[in-house]
Enquirer: 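Quick one: structure below, then a few questions.
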Protein chains: 2
Amino acid sequence: MLSRGVPRIVDADQRRRELAEAVWRVIRRDGVPGASVRTVAREAGTSMGALRHWFATQDELLHFAMTLVMERARARAEAVAASGGPLVPRLLRVLEETLPLDDERRAETEVWLALTARALVDPRLAELRDRSAAELHGFCTQVVQVLVAEGAARAELDVGLEGERLYAVLDGLAVHAVTRPSALPPDRAREVLAAHLAALRDTP
Amino acid sequence: MLSRGVPRIVDADQRRRELAEAVWRVIRRDGVPGASVRTVAREAGTSMGALRHWFATQDELLHFAMTLVMERARARAEAVAASGGPLVPRLLRVLEETLPLDDERRAETEVWLALTARALVDPRLAELRDRSAAELHGFCTQVVQVLVAEGAARAELDVGLEGERLYAVLDGLAVHAVTRPSALPPDRAREVLAAHLAALRDTP
DNA sequence: CTCTTGATAGCACGACTGTGCTACTTTCTC
DNA sequence: GAGAAAGTAGCACAGTCGTGCTATCAAGAG
């Protein structure tokens with residue numbers, strides 16, 4: 001029943017990803033309001049009809065574009081987490097994956113910021129954002145927990161509160177790095193994050 | 001030459017502020033894309049023509065609305081800074097003024113976030129945002145400096161780096177408090193910020 | 001009074017929007 | 001071969017957008 005007959009070049013999910021990446025390019029160039037059906041279709045080198053074949057509505061398109069951002073960041077983070085090396089520096093590198101330290105992550109963060117703002121008035125996007133935010137927040141708390149268990153952070157720390165603080169540092173750095181790249185270049189952002197983790201260890 | 005003859009109810013600046021506040025209400029309800037000339041005029045209880053009399057273009061309207069947000073936050077902060085009491089807790093309260101801890105500040109932060117995102121693709125808004133960001137960043141650094149001088153923070157701290165970190169915590173908390181209010185209620189945000197300042201004192 | 005000017009009101013235009021819809025092409029199954 | 005289905009293309013519609021523009025109204029200046 002699969003692939004009954006078509007100019008099937010790639011599988012469906014792959015095609016949707018390609019189109020969603022065209023959405024990113026448009027959003028980066030012209031912002032979310034510039035991501036009209038026509039503009040995205042032109043950017044993707046296809047037609048309105050084809051685009052609407054894959055995404056019935058504009059909301060669905062934006063929704064999928066945001067899902068993809070989150071999914072990719074997550075995949076990158078998990079790859080780093082599964083890599084070798086000592087645990088503590090590895091956790092630092094996992095956290096760094098959420099920062100806009102290179103062009104690819106910069107693009108993702110810009111799209112994330114634009115869609116986060118839009119989520120203030122779009123319930124469907126808000127639900128997505130909440131899920132990913134809860135996930136990252138939970139991960140930050142876990143990191144603090146692990147650091148304490150590893151002796152890389154003071155034992156008397158309030159884990160919940162420190163998780164919240166780490167999460168704030170992370171997103172704060174992300175916003176600043178993406179909005180004022182010259183004031184907070186990648187190396188500086190990395191340095192601040194590392195200093196924050198170090199401060200959890202050095203101590204009374 | 002001033003006020004040659006008019007149904008002059010209030011002075012010009014006051015009128016522009018009223019209209020800009022209508023912009024906020026619309027932005028909070030429908031987001032920046034919902035802030036059309038017609039919508040804002042309706043919200044303000046006036047006409048398109050009247051609105052365009054005070055703001056020649058839509059960009060000018062949004063620009064002024066953002067200016068007003070920044071101006072108000074600044075005025076509030078300066079009022080707290082000029083108030084009495086011990087220096088260190090007072091600095092904490094000044095920093096708290098930038099967080100969305102009540103309805104008024106929540107509105108301002110929502111508008112700030114929406115316009116920050118739009119500033120990614122609007123050079124005029126970007127210039128505004130950069131100015132206010134540089135100001136807050138500078139203030140954060142000054143706070144660290146003062147804390148060190150007052151003996152409320154460790155002397156060996158890297159002031160520049162700690163200023164950057166405090167600034168990240170501040171904006172991170174602002175974003176989280178406004179996007180996920182139930183996960184980060186006002187008291188909790190205040191607690192995290194206070195803990196951050198306390199962590200600059202307690203020490204190796 | 002008239003004249004001038006601030007302020008308001010809202011129509012008109014062209015551009016752009018999302019989406020419903022049909023027509024067409026390509027490739028598979030039978 | 002015929003038929004079906006996946007995918008592409010883009011027109012048509014109703015609606016919203018920003019802004020140019022003119023008309024009107026209120027009130028102080030002369």
Side-chain angles (χ1 to χ4, degrees), chain A residues 1-20 22-23 26-27 29-66 114-115 118 121-125, chain B residues 1-20 22-23 26-27 29-66 114-115 118 121-125:
Chain A
M1 195 47 70
L2 246 174
S3 160
R4 188 70 96 82
V6 189
R8 174 170 294 282
I9 301 163
V10 290
D11 76 300
D13 201 57
Q14 175 64 26
R15 184 69 174 129
R16 284 166 64 97
R17 281 163 190 272
E18 285 171 15
L19 296 173
V23 174
V26 174
I27 288 185
R29 194 191 325 120
D30 307 321
V32 177
S36 70
V37 179
R38 280 166 245 267
T39 318
V40 171
R42 199 179 313 126
E43 173 68 35
T46 183
S47 69
M48 288 171 53
L51 187 55
R52 292 198 66 242
H53 176 74
W54 296 102
F55 300 98
T57 67
Q58 154 110 330
D59 275 358
E60 193 184 327
L61 179 59
L62 288 181
H63 193 266
F64 184 81
M66 181 128 190
L115 291 178
R118 191 185 174 98
V121 291
D122 181 333
R124 224 160 110 64
L125 281 178
Chain B
M1 193 52 67
L2 248 174
S3 161
R4 189 70 96 82
V6 189
R8 174 171 294 284
I9 301 163
V10 290
D11 77 298
D13 201 58
Q14 175 65 26
R15 184 67 174 133
R16 284 166 64 97
R17 281 163 191 272
E18 285 172 15
L19 295 173
V23 173
V26 175
I27 287 184
R29 194 192 324 122
D30 307 319
V32 177
S36 70
V37 178
R38 282 164 245 266
T39 318
V40 171
R42 199 180 312 124
E43 173 69 35
T46 183
S47 69
M48 287 171 55
L51 187 56
R52 293 198 66 243
H53 176 73
W54 296 103
F55 299 98
T57 68
Q58 155 110 328
D59 275 357
E60 193 184 328
L61 178 59
L62 288 181
H63 194 265
F64 184 81
M66 180 128 191
L115 291 179
R118 191 185 173 98
V121 291
D122 180 335
R124 226 161 109 64
L125 281 178

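We name chains A, B, ... by the order of the sequence lines, and we start the count at 1 in each one.
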Enquirer: Rounded to the nearest Å, what distance is computed from the CG atom of residue A/Asp13 to the C1' atom of nucleotide D/dG7?
Expert: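 Rounded to the whole Å, the gap is 17 Å.
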Enquirer: Mind calculating the distance between CZ (A/Arg42) and C1' (C/dT17) to the nearest angstrom?
Expert: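 Atom-to-atom, A/Arg42 to C/dT17, this comes out as 13 Å.
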Enquirer: To the nearest Å, how far apart are B/Phe55 CZ and C/dT8 P?
Expert: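 Rounded to whole Å, this separation is 12 Å.
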Enquirer: Answer whether the closest heavy-atom distance between the side chains of B/Asp122 and B/Asp59 falls below 4.5 Å.
Expert: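 With C-beta onward as the side chain, the pair touches.
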Enquirer: Taking the side chain as everything from C-beta on, heavy atoms only, tell me whether B/Leu115 gets closer than 4.5 Å to B/Leu125.
Expert: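 A side-chain contact under 4.5 Å exists here.
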Enquirer: Hey, which of these two, B/Thr57 or A/Gly45, hits DNA chain D nearer its 5' end, going by closest nucleotide?
Expert: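 Its nucleotide being nearer the 5' end, the pick is A/Gly45.
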Enquirer: Does a distance-only test, which skips hydrogens and angles, find a donor-acceptor pair under 3.5 Å between the side chain of A/Arg52 and the base of C/dG18?
Expert: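 Counting by modelled atom types and ignoring angles, no donor-acceptor contact under 3.5 Å is found here.
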Enquirer: Hey, is the side chain of A/Trp54 poking within less than 4.0 Å of OP1 or OP2 on D/dA6, counting only N and O atoms?
Expert: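 Looking at the OP1 and OP2 atoms of D/dA6, neither is under 4.0 Å from any side-chain N or O of A/Trp54.
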Enquirer: From C-beta outward on A/Gln58, which listed nucleotide comes closest to its side chain: D/dA9, C/dG18, D/dT19?
Expert: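 Nearest to the side-chain atoms of A/Gln58, counting from C-beta on, is C/dG18.
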Enquirer: So do B/Thr57 and B/Leu61 actually touch side chain to side chain, heavy atoms under 4.5 Å?
Expert: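 Answer no - side chains too far apart.
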Enquirer: Establish, with yes or no, whether the OP1 or OP2 oxygen of C/dT17 is under 4.0 angstrom from a side-chain nitrogen or oxygen of A/Ser36.
Expert: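 Answer is yes, contact under 4.0 Å.
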Enquirer: Would you kindly give the CZ-to-P distance between B/Arg16 and C/dG6, to the nearest whole Å?
Expert: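 Whole-Å distance recorded here is 15 Å.
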Enquirer: Find which nucleotide of DNA chain C each of A/Thr39 and A/Gly49 is nearest to by heavy atoms, and output the residue with the more 5' nucleotide.
Expert: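 First, find each residue's nearest nucleotide; the 5'-ward one identifies A/Thr39.
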Enquirer: Under 3.5 Å, is there any donor-acceptor pair linking the side chain of A/Arg38 to the base of C/dG18?
Expert: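 Such a pair exists between side chain and base.
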Enquirer: Whole Å only: how far is the CG atom of A/Leu51 from the P atom of C/dT19?
Expert: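 Taking atom P of C/dT19 as the reference, CG of A/Leu51 is at 10 Å.
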Enquirer: Does the pair B/Arg16/B/Glu60 count as a salt bridge with the N-to-O cut at 4.0 Å?
Expert: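 Yes, B/Arg16 and B/Glu60 are salt-bridged.
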Enquirer: To the nearest Å, how far apart are B/Met48 CE and D/dG20 P?
Expert: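 The distance from CE of B/Met48 to P of D/dG20 comes to 11 Å, rounded to the nearest Å.
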Enquirer: Nearest to the side chain of B/Ser47 - C/dT8, D/dG18, C/dT19?
Expert: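 Out of C/dT8, D/dG18, C/dT19, the nucleotide with an atom closest to B/Ser47's side chain is C/dT8.
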Enquirer: Under 4.5 Å between any side-chain heavy atoms of A/Val121 and B/Asp30, yes or no?
Expert: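 They are not in contact (no side-chain heavy atoms under 4.5 Å apart), so the answer is no.
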Enquirer: Determine: side-chain N/O of B/His53 to OP1/OP2 of C/dT8, distance under 4.0 Å, yes or no.
Expert: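 For B/His53, the contact criterion (side-chain N or O under 4.0 Å from OP1 or OP2 of C/dT8) is not met.
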Enquirer: Rounded off to whole Å, could you give me the CG-to-P distance for the A/Leu19 and D/dG7 pair?
Expert: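 Rounding to the nearest Å, CG of A/Leu19 and P of D/dG7 are 12 Å apart.
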Enquirer: Are any of A/Thr46's side-chain N or O atoms less than 4.0 Å away from OP1 or OP2 of D/dA9?
Expert: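 For D/dA9, OP1/OP2 do have a side-chain N/O of A/Thr46 under 4.0 Å.
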